Amino acid sequence: GNSVTQMEGPVTLSEEAFLTINCTYTATGYPSLFWYVQYPGEGLQLLLKATKADDKGSNKGFEATYRKETTSFHLEKGSVQVSDSAVYFCALRRDNAGNMLTFGGGTRLMVKP
Amino acid sequence: DAEITQSPRHKITETGRQVTLACHQTWNHNNMFWYRQDLGHGLRLIHYSYGVQDTNKGEVSDGYSVSRSNTEDLPLTLESAASSQTSVYFCASSRGGNEQFFGPGTRLTVL
């Protein structure tokens with residue numbers, strides 16, 4: 001079956017530090033990959049996505065590259081801000097599964113000033 | 001502005017009671033989804049619908065039901081609430097294979 005594995009948090013960084021949150025997946029076929037962000041007390045928002053191998057999704061300074069050879073979609077940001085403190089979810093959508101998403105367990109990021 | 005809303009935002013109930021959580025979207029999206037969020041599990045799909053009168057079971061559907069009588073609403077019913085159903089519940093909607101938009105969530109506590 002499909003599954004998504006994320007590094008466990010919390011991840012605690014100082015402002016302006018480099019961020020990496022690891023995400024690996026298991027799926028048949030060629031899934032689309034997503035990162036969602038959940039700010040405190042809110043629902044999830046789409047942060048970025050990639051729909052085929054070697055695609056790079058990017059938004060708000062965050063980037064992730066779809067690596068089919070390593071089945072990974074790691075999230076990176078060069079310089080985090082306090083406002084980036086949130087929970088980040090990696091997710092996949094199989095190409096023949098309607099619009100159903102499979103989520104990872106989430107990684108909490110805390111950025112200290 | 002179009003939006004997706006959930007009510008109530010917080011609910012405390014007792015074991016064995018029937019509970020219904022509401023989800024309403026004004027985007028005219030055909031797809032709607034219910035998830036539960038638990039620590040360490042991320043979001044898990046409970047039920048989903050691709051249109052009026054269409055409902056499907058997700059990964060963790062036992063003890064839950066949904067109905068889709070119109071495009072805008074997908075209420076989630078817990079027939080007989082159990083303590084294991086204490087969780088945060090999120091509704092989402094999408095048009096076709098596009099981005100899912102999430103509601104603000106309902107925190108349910110079953111005592």
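Quick caveat, the model's predicted, so the values are computed rather than measured. For the numbers below, each heavy atom of this structure counts, side chains included, while hydrogens, waters and symmetry mates do not. Every chain is numbered from 1, with letters handed out A, B, ... down the list of sequences.
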Can you check whether [X] reaches [Y] side chain to side chain, under 4.5 Å on heavy atoms?
X: B/Phe102; Y: A/Leu46; result: no
X: B/Gln100; Y: A/Phe34; result: no
X: B/Glu99; Y: A/Lys49; result: no

[atom1]-[atom2] distance between [X] and [Y], expressed to the nearest 0.5 angstrom:
X: B/Arg44; Y: A/Leu101; atom1: CZ; atom2: CG; answer: 16.0 Å
X: A/Gln38; Y: B/Leu43; atom1: CD; atom2: CG; answer: 7.0 Å
X: B/Ser94; Y: A/Arg93; atom1: OG; atom2: CZ; answer: 8.5 Å

- request: Go through the steps for A/Met100 and B/Tyr48 under the test side-chain contact (heavy atoms from CB on, under 4.5 Å), then give the verdict.
  value: CA-CA 8 Å; A/Met100 286 189 291; B/Tyr48 60 101; 3.3 Å; yes
message: Counting only non-hydrogen atoms closer than 4.5 Å, does B/Phe101 touch chain A with its backbone (N, CA, C, O), its side chain (CB onward), both, or neither?
response: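 For B/Phe101, no heavy atom lies under 4.5 Å from chain A.
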- request: Please determine, among B/Gln37, B/Glu59, B/Arg9, the option with the most heavy-atom pairs under 4.5 Å with chain A.
  value: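 So the answer, after comparing B/Gln37, B/Glu59, B/Arg9, is B/Gln37.
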query: Does a sphere of radius 6.0 Å around NZ in B/Lys57 hold more than 12 heavy atoms from other residues, nucleotides or ligands, not counting ones at 6.0 Å or beyond?
result: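 Atom NZ in B/Lys57 is not packed in, count stays at 12 or less.
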message: Do A/Phe89 and B/Phe33 sit in one hydrophobic cluster, given that two such residues count as connected whenever their side-chain heavy atoms are within less than 4.5 Å of each other, even indirectly?
response: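 Same cluster: A/Phe89 reaches B/Phe33 through Ile, Leu, Val, Met, Phe, Trp or Tyr contacts under 4.5 Å.
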message: Are A/Phe62 and A/Phe73 connected into the same hydrophobic cluster when the rule is that any two of I, L, V, M, F, W, Y join if their side-chain heavy atoms are below 4.5 Å apart?
response: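 Result: yes, single cluster for both.
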